[in-house]
Structure formats: C-alpha cells, structure tokens
Amino acid sequence: MPLEAVEARRLYRQIADQLRSLIDSGEYAVGSRLPTERELADQLKVSRPTVREALIALEVEGRVRIRVGSGIYVIDPSDATPAPSAVIEGPFELLRAREFLESAIAEQAARVATKDDIARIDAALIAMENVAHPGEASMVHDRAFHIAIAGCLGNAVLVRVVGELFDQRLNPYFAQLAHYFENPGTWRTALDEHRAVRDAIAARRPMTAHDAMRDHLAHSQERFAQNFGAETGAGAPAARKLVARSGTQPAKPKRPSKKQAKSGSARRR
C-alpha cells in the first residue's frame with residue numbers, strides 16, 4: 001500500500017478535538033457552560049482568535065451553542081454533524097493572509113492603476129453603497145471591489161488568488177462567525193474603509209493605499225473578535241489536560257537578573 005502524505009492539523013482543529021473529547025467523556029455535561037474564551041486561551045497558551053475558531057467549529061458541528069452575553073454551552077449531540085474531512089482554513093487565518101497579500105497589491109495598484117481601473121473600482125464601490133447587508137448581493141459587490149484592485153496589476157494569478165481567498169468567506173466556519181458580528185452598522189464602517197483604499201489608489205499614494213487596505217482587513221479581524229460576553233467563568237468547571245499540540249512549547253518566564261532583583265527589592269522597601 002503506498003504511503004500518503006501526512007498533513008499537520010491546524011491548531012484550531014486540535015483544540016476543537018480536545019474540547020470535543022472532554023464533552024464526550026462527560027467532563028462537560030449537556031447544558032453546562034464551558035470556560036470563557038479568555039480562560040481557554042490562557043490554559044492552552046494560544047491566542048483568543050484561535051480558541052474562537054475552535055468554538056465556531058464545534059458550533060457548526062452541533063456540539064455547543066454560543067449565547068452572546070451569556071457564554072458557550074454544551075448541547076445535546078443527537079443532531080451533531082461530523083467534523084468536515086476537507087481542510088477548512090479558520091476565519092482569522094484567512095483574514096491575516098488577505099491582510100498581508102492585499103496590502104501589497106493595493107500599494108502597487110496605486111502606482112499603476114489606469115483611469116479604467118479606477119472606474120471599475122468605483123463601480124464596485126457604488127454598488128456596495130446601494131445594497132443591503134448582510135446578504136449575498138453585498139458579498140458579490142465586496143468581492144468585485146477587491147478583484148478590481150487586484151486587476152490593476154494585470155496579473156491573472158493574483159486576481160485568481162484574491163478571488164479564491166475571498167470565496168472562503170462562504171465556508172461554514174466563516175459564515176457562522178459573520179452571523180454574530182456582521183450587521184448594517186459594520187457594513188457602513190467597512191464601506192468607509194473601502195473608500196479610503198480607493199481614494200489612496202486614485203491619488204497615487206502607494207504607502208497610504210497599503211496602510212488603508214491593511215487597516216481595513218485588520219479591523220475586520222477586530223470586529224470578528226468582539227467579546228461573546230460572560231467573561232467571568234463562574235459555574236464552569238476547570239478544563240483538564242488542555243494542551244495546545246502545535247509542536248512548540250510556551251516560553252518559560254525569564255528569571256530576573258541579580259541586579260534587577262536587588263532593584264525590585266529596593267523599590268519594595
């Protein structure tokens with residue numbers, strides 16, 4: 001039998017697997033509340049966005065229910081669906097990739113964009129201003145805006161990559177996360193961010209365009225990282241044996257030097 005390539009599981013999937021195992025073992029009973037995102041992140045020594053990706057994955061599978069302002073609760077697994085076998089990137093992982101790539105594209109677009117390029121960007125922006133959000137139409141026009149900017153570079157590969165990354169918004173994890181935090185207010189804020197990108201490109205200001213696109217996608221991450229609420233973990237049992245198996249160990253705290261120790265002792269006196 002031929003050997004198959006082994007692909008490391010993404011960190012958020014490893015965390016989701018651990019939490020699912022604890023639920024299955026009865027550590028967290030149906031109806032109980034999980035520790036907060038902050039507590040889980042502290043125990044696992046990972047970022048809160050990574051924990052959030054894991055919790056969203058479990059919610060899509062039907063293992064937990066997120067109640068904004070209350071917490072994350074274990075639900076009856078009778079209607080649970082298996083974890084998808086296909087590789088699905090986490091929402092924050094996707095946004096970070098887009099932030100890196102599209103900032104560089106916007107910077108170069110400000111150097112080479114033609115009048116026709118700006119007209120295509122403007123057409124997408126006008127369409128975004130006249131559509132309800134959230135909805136399928138708003139995503140179509142949002143995608144067109146980012147594609148139009150990539151198109152300024154005249155590189156079909158970049159256009160395809162930008163389009164494929166944007167289309168990952170349709171994966172179930174991203175869609176579930178957006179369900180909690182996207183609304184007409186966030187759409188208006190995002191529109192202002194898009195206009196800043198467009199204006200910088202039209203004014204031929206490469207670094208301003210780079211920073212405007214970077215800020216837009218960074219702010220998108222911040223919007224998706226807003227608290228679900230219930231940051232006090234009262235009533236939730238402490239999670240056991242939670243270890244992030246990413247192949248790296250958290251750094252050990254450095255011991256203060258003798259000079260620092262003496263200085264600290266003097267301050268305490």
Side-chain angles (χ1 to χ4, degrees), residues 4-68 70-98 165 167-182 220-231 233 235-250:
E4 296 182 358
V6 177
E7 182 176 2
R9 290 178 303 158
R10 283 167 168 76
L11 184 55
Y12 84 91
R13 289 275 6 144
Q14 297 177 45
I15 294 170
D17 290 346
Q18 288 189 68
L19 290 172
R20 191 188 308 104
S21 295
L22 288 170
I23 292 171
D24 289 342
S25 69
E27 179 74 18
Y28 298 114
V30 172
S32 67
R33 189 171 69 186
L34 294 182
T36 67
E37 288 179 293
R38 186 190 305 278
E39 291 168 336
L40 289 171
D42 288 345
Q43 291 180 50
L44 292 159
K45 308 302 181 187
V46 298
S47 68
R48 290 183 67 178
T50 299
V51 170
R52 174 157 297 190
E53 288 173 336
L55 294 172
I56 288 292
L58 290 175
E59 185 173 43
V60 169
E61 294 170 22
R63 304 306 301 267
V64 303
R65 177 170 295 134
I66 297 169
R67 298 175 184 168
V68 176
S70 178
I72 301 98
Y73 293 84
V74 178
I75 61 175
D76 190 335
S78 59
D79 296 327
T81 58
S85 56
V87 175
I88 296 181
E89 285 81 6
F92 292 97
E93 187 178 18
L94 283 166
L95 286 169
R96 284 190 292 269
R98 289 185 60 199
L165 286 175
D167 290 343
Q168 289 300 310
R169 285 186 60 109
L170 302 178
N171 80 46
Y173 299 164
F174 208 125
Q176 187 67 16
L177 186 60
H179 161 75
Y180 287 108
F181 299 111
E182 288 196 337
S220 294
Q221 295 172 60
E222 291 170 4
R223 287 189 280 270
F224 286 137
Q226 295 176 62
N227 286 340
F228 279 130
E231 280 303 304
R240 296 176 185 171
K241 299 180 182 178
L242 284 175
V243 179
R245 301 184 180 93
S246 62
T248 60
Q249 295 295 328

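Throughout, residue positions are numbered sequentially from 1 according to the sequence presented.
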> Can Ser25 and Tyr28 be said to form a side chain to side chain donor-acceptor pair (under 3.5 Å), step by step?
Replying inline: CA-CA 8 Å; Ser25 69; Tyr28 298 114; over 6 Å; no
>> So, taking the atom named CD in Gln14 and the one named CG in Leu19, what distance separates them when rounded to the nearest 0.5 Å?
In response: 12.0 Å
> Going from OG on Ser220 to CG on Leu94, what distance comes out if it is rounded to the nearest 0.5 angstrom?
Replying inline: 12.0 Å
> For Val46 and Leu11, what are the C-alpha separation, side-chain angles and deciding distance, and is it a side-chain contact (heavy atoms from CB on, under 4.5 Å)?
Replying inline: CA-CA 9 Å; Val46 298; Leu11 184 55; 3.7 Å; yes
>> Taking side chain to side chain donor-acceptor pair (under 3.5 Å) as the definition, give me every residue that meets it alongside Glu93, ordered by chain and number, with sequence neighbours left out.
In response: Arg10
> Going from CG on Leu34 to CZ on Arg65, what distance comes out if it is rounded to the nearest 0.5 angstrom?
Replying inline: 13.0 Å
> Which atom pair, heavy atoms only, marks the closest approach of Val74 to Ala29?
Replying inline: CB-O, 3.4 Å
>> Which residues pass the salt bridge (charged side-chain N to carboxylate O under 4.0 Å, His left out) test with Asp42, not counting sequence neighbours?
In response: none
> Judged by atom type as modelled, is there a donor-acceptor pair below 3.5 Å linking the side chain of Glu59 to the main-chain atoms of Ile66?
Replying inline: yes
> Ala16 and Ala54: which non-hydrogen atoms are nearest, and at how many Å?
Replying inline: N-CB, 3.8 Å
> Given side chains that start at C-beta, do those of Leu95 and Phe174 come closer than 4.5 Å, heavy atoms only?
Replying inline: yes
> What pairs with Phe92 under side-chain contact (heavy atoms from CB on, under 4.5 Å), at least two apart in sequence or on another chain?
Replying inline: Pro49, Arg52, Glu53, Arg96, Leu177, Gln221, Phe224, Ala225
>> Give me the atom names and distance for the closest heavy-atom approach of Gly71 to Arg33.
In response: CA-CD, 4.1 Å
>> side-chain contact (heavy atoms from CB on, under 4.5 Å) for Glu37 and Leu55? Distances and angles first, verdict last.
In response: CA-CA 9 Å; Glu37 288 179 293; Leu55 294 172; 3.7 Å; yes
> Quick one: does Arg20's side chain get under 4.5 Å of Ile23's, heavy atoms only?
Replying inline: no
>> Between Arg63 and Ala57 (side chain of the first, backbone of the second, donor and acceptor by atom type, cut-off under 3.5 Å), is there such a pair?
In response: no
>> According to side-chain contact (heavy atoms from CB on, under 4.5 Å), who are the partners of Asp167, at least two apart in sequence or on a separate chain?
In response: Arg143
>> Could you tell me if the side chain of Ile15 sits less than 4.5 Å from the side chain of Thr50, heavy atoms only?
In response: yes
> Between Leu44 and Gln18, is any pair of side-chain heavy atoms under 4.5 Å apart?
Replying inline: yes
> Under a 4.0 Å N-O cut-off, is there an ion pair linking Glu61 with Arg13?
Replying inline: yes
>> Per the salt bridge (charged side-chain N to carboxylate O under 4.0 Å, His left out) rule, what does the pair list look like for residues 168-180, sequence neighbours excluded?
In response: Arg169-Glu182
> Can you name the residues that form a side chain to side chain donor-acceptor pair (under 3.5 Å) with Ser21, not counting sequence neighbours?
Replying inline: none
> Would you say Ile56 and Tyr180 make side-chain contact, with heavy atoms under 4.5 Å?
Replying inline: yes
